[in-house]
Each structure stands twice: as structure tokens, then as C-alpha cells.
Amino acid sequence: MCIRDSYEAAQGRLAALADTYGLGVARNRLIADRDAHPDEAFYSFQLALFHAHHLNFYRAREQLEAASRLGLPRAWHAYGEGVIYSAAGQLADAAEEFTKSIDIDPDLGPGYVSLADTYIGLENLERARAILSEGIEASPQNAYRLRPRLAWLSLAEGNDALALEQLGKILQNAAQVPGCFYAAAALALSLELGEDYIPAVKLPLPDRPAVEAEGFERLPPGQRWAILACSEALEHDPLPARARYHLAHCLYEAGDIGSAKRELDLAAAEGSPQVPYSTAPVELYRWSGRDALAAGDYAAARKAYRTVLASRKDDPDALFHVGLTYEKEGGTSQAAEAYQTATRAAPDDPRSYSGLARLHLDDGDYSKAVVYAEAAATRDPAGISTQKMLARAYIAVRSLEQADAVIQTLRHLVPRDPEVDMLTGRLLELNGLPLAAAEAYGGALGRSLPAATALELYYAVARLYAAEADLATDRAEKKRLENLSAQYAAEADNLKL
């Protein structure tokens, strides 16, 4: 299978799997794909990118090397290395690898995009813009990938007119590359322009969509353009179900739920196995549930997911999210019931087992927390979050050797993770090594942490040093420990201000 031709479709399918069924199920599907095609580099490469994006760097490199042994092109190997470095926060190394990828293959569109994103992360917007412009000139067939990034840069700098100019250029090639319509629609939805905005650039779009859209004339320009772009895609995309799915989402964002449902109905009727996401009308309620959950409206989110369940009583994603809404509200018994139902409906999905483990860690039933954390880790053995949950559960029941084994694995997989530093510190405390624990907690404080967590850790380190100072018999050592305790206590006090 050609890596270049398959890259975007694979990423769309992967995102859809992870979004609907959770990371564990998505990973299991990818592993099954790789095992079914043991001689094809693409499947190991796809799995490598998955592991990198989810911070499992050891597994990512393992799969990337396997892909190379199967004939992965050198440019894609460099690209994969760049993805791993980028996910690990090593942006300078990532930039070097992405540069290497496009030097080897000037037509490698994702290489330009990722290199530009890396320079955005390094806060060098001028260099990012230059890379994108170079990519458009060197590889015109990849312009549809690169122009949206140029537009995002313009938006970030408040230059809506320049963003709109890029939007028009994206649409000029859309008839030949239907993906341009969807890139343009996503960009248009980000243009937060008032209803009275007069565009400085005439877009190559009709005045009206080819489908009915309620209150279309009253919508802000960005929403109108998004609907028009996806409506035009119906005329050009060889997979009309894909066009209708994107159109439905634009209509949903515009608040036209009735028209969005109509398009999903039609998409379901025209469905194609090549469309990597569900086009069933019930997806409207899943979108609504996610929006409400992100907004903290747990009752509304639960209502939306229950509507999904009315059509699909065993939908694992909806069952899990019903449990999550109850958990967020503190309804532990209802959350536990929903999670239990989800484990029966989707016994391979680790998310609800993790939810049950969290509930039992909170209610003090640590032995049950271990049972469910182990169940989640069994189903998601390479998952960082499930391994952290398992380590916490083992620490709670004082299974320190087992906790140490899990933490050592985590330190290998995510060597600069503050949560792993905190788990290490707690384990060292329980093993009677307070100074080593303080050092581990200090390592966590050297990384990005929520203010409340940082405050708790500053006080914990201050406490540990103060306790050791009380026990110290050497005057100089006692003074050193007292100074360290005072230093961390002062940091905590400053954080409270």
C-alpha cells in the first residue's frame, strides 16, 4: 500500500475510531490491521504515529523501526522521527527531522505542515510562514494542505483579510481535490465575523447552497461559507456520503438541526465503507453531548447521550459518557451503574474500567480499584493513562513492588511526565526514603503543573525537608534541610497570593 495515498484516509479512520470507541479499541484495531498485513510497512508506520501521539515513545520507535525494515521510504521514516520528537516536546530535534523529510522528498506535504507547526511551537511565526510558502511553490499538489495553515497564522495575528484570501485560494482547487472543500469549511467556521462583514475577497462559491438551510441569509459569513463549501463538495466528491457528513456538521454548527439530520439521513442511505465515520443521524446527539460536556453542562450532555442510547442501547461511547457525566457531578452510584453497563456492552473498551477504578479510589475501596485498574491495563497495556491508574491503585493498597514495576515502565515510556514524578515521590515516601521523595516531587515542580497541584507539592516537599531536619544530628545538614524547607514553603505561600 502506498504511504502517500493512504496517509490522510488512515488518519481520518484512526481519529474516528478513537473518538467513537476510545483509544484502547482504536489501538487494538490498528494492531489487528498490522497483524493482518505483516509484510506492509504502512500498518506498522500507522501504529507508530498512534503511539507517538499518545506519548508511548518506546512503542512508537519500535513500530517505526519495524516499518523501516519492511521498506518504509526514508522520507517517511524521518517524518515519523519528527512526530515522536514533537510529541515528546523536543521541538528542535523535531524540526531537524521534518526538514530532513522534505529534503529527501520535496512532495511530502505532511512534512511541510508539521515543520511549520514545529516553528509555531518555537514561536517563530515568520519561519513557519516561509516554510509553508516554500512548500506551496515546491509542491503545488500539496497546497490544499498548506494554505489552511497559512490562513490559521493570519487568523492568529488578527489578519482576517489575509486568511480569507487563503480561503479563496484553497477553494480554487477544490473541484480536483475534494478535501479542499472540507479544509475550507473548517477554516471558514473559525472566521468569527459579524453578519454585516463585507469580504474584501470574492470567494469562488455560489450565493446559495444546493441544499435547504434554514435561516441561511442570517448566518454569519463564516458559517455561510462553510455550508456553501460542503454543499459544493456534493457535486465533486466521489463519496457523497462524506460530503453530506461534513455538510451536516456545518449545519449543526449553524444551529440548523433539522437540516443536519436530513443530510445524515441521506449520508446513511448513501453510505460507503470508505467513509471512516458513522453517518447515522444519531451522531447529531453525540456532537451535542460532546459540546455540552466540554461546556460543563453535564445534565445536557447526559440527555444527549441518552438519546443516542435510545437508538443504540449498547453504544459503548454513549454508555461511557453517561457514566462520566454522573462522575463529574459526584453521582458515584449512578456513574458506577453506567460504567458497569458499558463494560458488559463493550468488554474490550478500557475507559469504563478506568472509570470504575477512579470511583473506588475515591470511595476508599482500594481492592476493587485494583481489580478494575488491572482490567483497564489488560485491555490497554500500552496506554499511559491506564498505567498511571494502575500505579495509583497499587500504591493505595501498598503493593509497592507492583507499583514500582508499573512506575519503571512509565518512566521508560514518558521520562518527563510530572504525574510519573509524583507517583515516584509517593512510592519513595512509602518506602521510607523521604529525601529521594522530595527530589522526585521537585522534579515534578520543574514541569508544567496546575496551580493547585503545584501548591500541594510545594507544601509536601517543605514538610519532608522539615521532618528530616528535625531528625538530623549534623548541624550543617540540619541547617541545609531547614533552609530547603523554608524555600519550598515560601514558594507555596507565593503561589497562594
Side-chain angles (χ1 to χ4, degrees), residues 3-5 7-8 11 49 73-83 85-87 90-193 197 199-205 221-222 225-226 229 232-233:
I3 297 283
R4 188 190 309 284
D5 292 344
Y7 177 83
E8 282 189 84
Q11 295 310 300
L49 295 187
R74 287 173 53 240
W76 282 103
H77 184 277
Y79 176 81
E81 287 285 357
V83 170
Y85 280 126
S86 179
Q90 297 171 242
L91 297 186
D93 292 325
E96 183 178 337
E97 293 296 331
F98 289 136
T99 299
K100 188 187 302 181
S101 75
I102 58 177
D103 284 345
I104 297 169
D105 182 357
D107 285 334
L108 195 72
Y112 291 102
V113 173
S114 296
L115 181 56
D117 285 346
T118 302
Y119 277 109
I120 291 170
L122 291 167
E123 299 183 359
N124 189 341
L125 302 189
E126 184 177 348
R127 181 64 182 135
R129 183 178 289 103
I131 288 162
L132 293 168
S133 298
E134 290 166 12
I136 291 169
E137 184 175 350
S139 182
Q141 69 269 30
N142 278 300
Y144 78 98
R145 301 174 188 266
L146 308 179
R147 289 198 186 282
R149 283 299 194 281
L150 277 175
W152 295 123
L153 281 175
S154 301
L155 281 178
E157 295 171 341
N159 193 335
D160 291 335
L162 190 55
L164 192 57
E165 179 182 341
Q166 293 300 326
L167 178 57
K169 290 179 178 178
I170 293 166
L171 286 165
Q172 285 173 359
N173 297 318
Q176 291 74 41
V177 185
C180 292
F181 286 116
Y182 312 128
L187 175 59
L189 288 173
S190 300
L191 289 166
E192 297 180 358
L193 308 173
Y197 176 79
V201 179
K202 171 63 176 172
L203 296 179
L205 289 170
W225 292 329
E232 279 293 284

If you look at every heavy atom in [X] and [Y], which pair is closest and at what distance?
| X | Y | value |
| --- | --- | --- |
| Leu171 | Ala229 | CD2-CB, 4.2 Å |
| Leu187 | Ala151 | CD2-CB, 3.3 Å |
| Ala188 | Ala226 | CB-N, 3.8 Å |
| Ala94 | Ser86 | CB-N, 3.6 Å |
| Pro106 | Ser139 | O-CB, 3.5 Å |
| Ala95 | Leu115 | O-CD1, 3.5 Å |

Could you state the interatomic distance from [atom1] ([X]) to [atom2] ([Y]), rounded to the nearest 0.5 Å?
| X | Y | atom1 | atom2 | result |
| --- | --- | --- | --- | --- |
| Tyr112 | Leu108 | OH | CG | 8.0 Å |
| Asp105 | Ile102 | CG | CD1 | 10.0 Å |
| Lys169 | Arg147 | NZ | CZ | 5.0 Å |
| Ile170 | Phe181 | CD1 | CZ | 12.0 Å |

Polar side-chain atom of [X] near backbone of [Y] as donor-acceptor pair, under 3.5 Å:
| X | Y | result |
| --- | --- | --- |
| Thr118 | Ser114 | yes |
| Ser101 | Phe98 | yes |
| Tyr79 | Glu97 | no |

For Arg149, enumerate each residue passing the salt bridge (Lys or Arg N to Asp or Glu O under 4.0 Å) test, keeping only those at least two apart in sequence or located in another chain.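 So Arg149 forms a salt bridge (Lys or Arg N to Asp or Glu O under 4.0 Å) with Asp117.
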Report all side-chain donor-acceptor pairs from residues 131-138 shorter than 3.5 Å, counting only partners two or more places apart or in another chain.
unit_1	atom_1	unit_2	atom_2	d
Ser133	OG	Arg129	O	3.1
Glu134	OE2	Arg127	NH1	3.4

Presence of salt bridge, Lys100 and Glu96, under 4.0 angstrom: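 Here Glu96 does not pair with Lys100 in a salt bridge, since their nearest N and O are not under 4.0 Å apart.
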Hey, are the side chains of Trp225 and Leu205 touching, using non-hydrogen atoms and a 4.5 Å cut-off?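 Counting from C-beta outward, Trp225 and Leu205 do come under 4.5 Å.
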I would like to know whether Leu125 and Glu123 meet side chain to side chain contact (heavy atoms under 4.5 Å, CB included); could you show each step before the answer? CA-CA 6 Å; Leu125 302 189; Glu123 299 183 359; over 6 Å; no
Results of ring-ring contact (aromatic ring centres under 6.0 Å, His included) for Tyr182 - residues two or more places apart only: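 For Tyr182, the residues satisfying ring-ring contact (aromatic ring centres under 6.0 Å, His included) (neighbours in sequence not counted) are His246.
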